[in-house]
Amino acid sequence: MKDKVRVGIVGSKFAADFHCDAYSRMDNADVVAVAALDNLEQISGKYGIPATYEDYNEMIEKENLDLVSICAPNFLHHPIVLAASAAGVHSICEKPLAISVEQAREMVEVSERNNTKLFYAEDWLHAPALIRTEALLAEGAVGEILFVKAKEVHNGTHSPFAQNKETCGGGVFLHMGCHAVTWLLYILGQDDNPVVEVTGKMTGGGEQNFIHKGNTGEDFGMGMMRFKKGQFAFAESNYITQGGMDDKIEIYGTKGVIKVDLTFSSAVNCYSMNGIAYSIEKADINVGWTKPAVDEFYNLGYVTEMEYFVDCVIQDRQPKYGVDGRAGLATVEIIQAFYESNEKGKTIYGEWI
Ligand SMILES: NC(=O)c1ccc[n+]([C@@H]2O[C@H](COP(=O)([O-])OP(=O)(O)OC[C@H]3O[C@@H](n4cnc5c(N)ncnc54)[C@H](O)[C@@H]3O)[C@@H](O)[C@H]2O)c1
């Protein structure tokens, strides 16, 4: 058994930063190289990464990696997973798994065929508040679950690739709504309880968007899912929410309610007349009362998800449902069904898990 995993990162900016931060807290993973088109000096300097590449294929070929962390635009997830898998290297793939169902399916199949692991980096499954929620549900705190609402919303993506439907795979509902959909599948779904119907409504991209007319994908999306055993779930995502990234989950059961506030629940309340440099992701104005995040990367689940994946490599274990290729694929399938529902103006029926 290996005691240390050799990691290569693809990408050098937003997601690469929290992947590198997570690895820097572990003693069983070494980030030995990073491949990206820009920002290479900054990220390698910040985290002491010895080798940099502009071509991820060259990095995979030369660095004898165990694991690739994919922090690149959505349309590159598919070719990077295929290249890594062909070289016998495991992948941690950022969300969404891919820009189409066909690509996502091929990523799962190729990984299985080559016996390489495909980790789907849905951080909500490892967010401490949601792990506590899961334990509360397991002890029967709310009785039988009837209805769950989940959302991630903010005021717009920082990445040019995510503003373009071709390179993102959709608009905000694929790009951020995927968090809610995967988590709902994990909590309510699993083998005997697939999603059986979905109904979606969203803005149409471009001029039809509420605010982001330059985005070719939608800037607002909401959708209802029904599970085979009858529970309803509501997923929401948008770029029309000012004031910082708002991730909220509400669970309604026969014996109780759980409400989770992932991003505005800091124990610190700050009133500053001068303003502070940073409070939470996507908050533009930090004057007056703010709720400055305490270890934001940890609380969003990035640190423990990466520890879990590294452990799976070391112990030669497949990831659990929810952070595996199968859940990543089901999420893309369901979101495509939401898009189809919106276009056709009707509910789409199927079986997704
Ligand atoms: N789990 C989360 O909450 C979360 C948060 C943010 C981003 N993400 C995901 O992470 C991924 C990256 O998003 P981001 O916000 O870091 O984007 P970003 O725009 O900040 O950075 C994109 C990076 O990709 C690199 N890149 C582009 N083309 C490349 C190529 N051909 N080869 C190698 N590198 C290339 C760029 O150099 C850049 O470093 C996306 O899939 C996104 O959905 C996940």
Side-chain angles (χ1 to χ4, degrees), residues 8-22 33-44 46-47 49 52-60 68-84 91-99 103-104 107 119-127 130 150-154 156-164 166-183 217 237 239 245-247 262-263 280-282 293 296-306 309 322-323 328 331-332 335:
I9 311 272
V10 186
S12 58
K13 288 186 167 169
F14 193 88
D17 188 47
F18 63 69
H19 279 234
C20 288
D21 169 80
V34 54
L37 302 185
D38 54 8
N39 213 43
L40 281 166
E41 247 177 62
Q42 290 90 327
I43 194 147
S44 59
K46 181 171 177 188
Y47 292 103
I49 304 170
T52 60
Y53 294 85
E54 281 177 8
D55 179 353
Y56 63 81
N57 283 302
E58 196 186 338
M59 175 179 81
I60 291 169
V68 165
S69 253
I70 303 173
C71 305
N74 303 352
F75 75 102
L76 292 172
H77 295 180
H78 171 262
I80 300 169
V81 165
L82 264 52
S91 291
I92 297 176
C93 185
E94 261 306 333
K95 60 80 195 165
L97 188 62
I99 60 171
Q103 285 193 357
M107 291 157 73
F119 303 111
Y120 178 54
E122 180 38 71
D123 51 283
W124 279 25
L125 264 75
H126 284 97
L130 289 175
K151 72 172 181 182
E152 177 163 292
V153 297
H154 60 55
T157 171
H158 56 270
S159 293
F161 82 82
Q163 295 164 21
N164 177 347
E166 305 299 310
T167 46
C168 180
V172 68
F173 209 61
L174 179 70
H175 198 57
M176 301 208 314
C178 57
H179 287 297
V181 170
T182 307
W183 193 78
S237 203
Y239 292 143
M245 187 165 87
D246 195 7
D247 288 15
L262 262 191
T263 48
I280 62 166
E281 188 179 334
K282 302 288 189 296
E296 191 174 33
F297 288 167
Y298 185 80
N299 285 318
L300 287 173
Y302 301 139
V303 177
T304 36
E305 74 170 342
M306 235 61 83
F309 295 145
V323 287
T331 300
V332 176
I335 291 173

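Whatever order the structure lists them in is the order used to number ligands and atoms, beginning at 1. Quick note: numbers below take in every heavy atom, side chains included, and nothing from hydrogens, waters or symmetry partners. Because the structure is predicted, anything quoted here is derived from the model rather than measured.
The residue L300 has no part lying near ligand 1, judged by heavy-atom distances below 4.0 Å. The proximity of S12 to ligand 1, defined as any non-hydrogen pair under 4.0 Å, involves the side chain as well as the backbone. No part of D55 comes within 4.0 Å of ligand 1, judged by heavy-atom distances.
Counting heavy atoms from C-beta on, the side chains of Y239 and M176 come closer than 4.5 Å. No side-chain heavy atom of N299 sits less than 4.5 Å from a side-chain heavy atom of L262.
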Check your understanding: Checking ring pair (Phe, Tyr, Trp, His ring centres under 6.0 Å) for the pair H19/Y302: CA distance, chi angles, key distance, verdict?
Key -> CA-CA 7 Å; H19 279 234; Y302 301 139; 7.7 Å; no
Review point. Stepwise, does the side-chain contact (heavy atoms from CB on, under 4.5 Å) test hold for T263 with L300?
Key: CA-CA 8 Å; T263 48; L300 287 173; 4.1 Å; yes
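At least one N/O-N/O distance between F14 and ligand 1 falls below 3.5 Å. Considering backbone and side-chain atoms alike, A16 places every N or O at 3.5 Å or more from each N or O of ligand 1. Ligand 1 has a nitrogen or oxygen under 3.5 angstrom from a nitrogen or oxygen of L37. Among the atoms of E94, some N or O lies under 3.5 angstrom from an N or O of ligand 1. For ligand 1, one of its N or O atoms has an N or O atom of A72 under 3.5 Å away.
The protein heavy-atom contact nearest to atom 12 (C) of ligand 1 is C71 O, 3.4 Å. Nearest protein heavy-atom contact of atom 43 (O) of ligand 1 is K95 O, 2.6 Å. Nearest to atom 18 (P) of ligand 1 among the protein's heavy atoms is S159 OG, 3.4 Å. In terms of protein heavy atoms, atom 41 (O) of ligand 1 is closest to N74 OD1, 2.7 Å. Scanning the protein for heavy atoms near atom 24 (O) of ligand 1, the closest one is P73 CD, 3.2 Å. Scanning all protein heavy atoms for the shortest distance to atom 32 (N) of ligand 1 gives Y56 CD2, 3.8 Å. With respect to atom 36 (C) of ligand 1, the closest heavy atom belonging to the protein is D38 OD1, 3.5 Å. Closest to atom 21 (O) of ligand 1, if we only count protein heavy atoms, is K13 CB, 3.5 Å.
Side-chain contact, Y47 with D21: no donor N or O sits under 3.5 Å from an acceptor N or O. Side-chain atoms of K13 and H158 form no donor-acceptor pair, as typed in the model, at a separation below 3.5 Å. Checking N74 against H175 by side-chain atom types alone, a donor-acceptor pair falls below 3.5 Å. Between T331 and T182, the side chains place a donor N or O and an acceptor N or O closer than 3.5 Å (distance only, hydrogens not considered). H179 and E122 form a side-chain donor-acceptor contact under 3.5 Å, judged by distance and modelled atom types alone.
In this structure, H158 is part of the shell of residues with a heavy atom less than 4.0 angstrom from ligand 1. Using a 4.0 Å cutoff on heavy atoms, N39 does not count as a contact of ligand 1. Heavy-atom distances between H179 and ligand 1 reach below 4.0 Å in at least one pair.
Ion pairing between a basic and an acidic side chain is recognised when a charged N comes within 4.0 Å of a carboxylate O; K282 and D246 show no such pairing.
Looking at G301, G169, G11 and measuring to atom 25 (C) of ligand 1, the nearest heavy atom belongs to G11. Evaluated by nearest non-hydrogen atom to atom 7 (C) of ligand 1, the leading choice among A15, S69, A98 is A15. With Y53, Y302, W124 as candidates, the residue nearest to atom 2 (C) of ligand 1 on a non-hydrogen basis is Y302.
For D247 (side chain) and E152 (main-chain N/O), no donor-acceptor pair under 3.5 Å exists by modelled atom type.
Surrounding CD of Q42 are more than 12 heavy atoms belonging to other residues, nucleotides or ligands, all under 6.0 Å away. When the shell of 6.0 Å around OH of Y298 is examined, it contains 12 or fewer heavy atoms from other residues, nucleotides or ligands.
Listed by number with element, the atoms of ligand 1 under 4.0 angstrom from any heavy atom of H77 are 41 (O). The atoms of ligand 1 that sit less than 4.0 Å from any heavy atom of H175 are 42 (C), 43 (O). Atoms of ligand 1 lying under 4.0 Å from any heavy atom of L76, numbered from 1 in the order shown and given with element: 28 (N), 29 (C), 30 (C), 31 (N).
Between H126 and F309, the ring-plane angle classifies as perpendicular under the 30° and 60° cut-offs.
In this structure, K151 forms no cation-pi arrangement with F173, as its terminal cationic atom is not both closer than 6.0 Å to the ring centre and no more than 45° off the ring axis.
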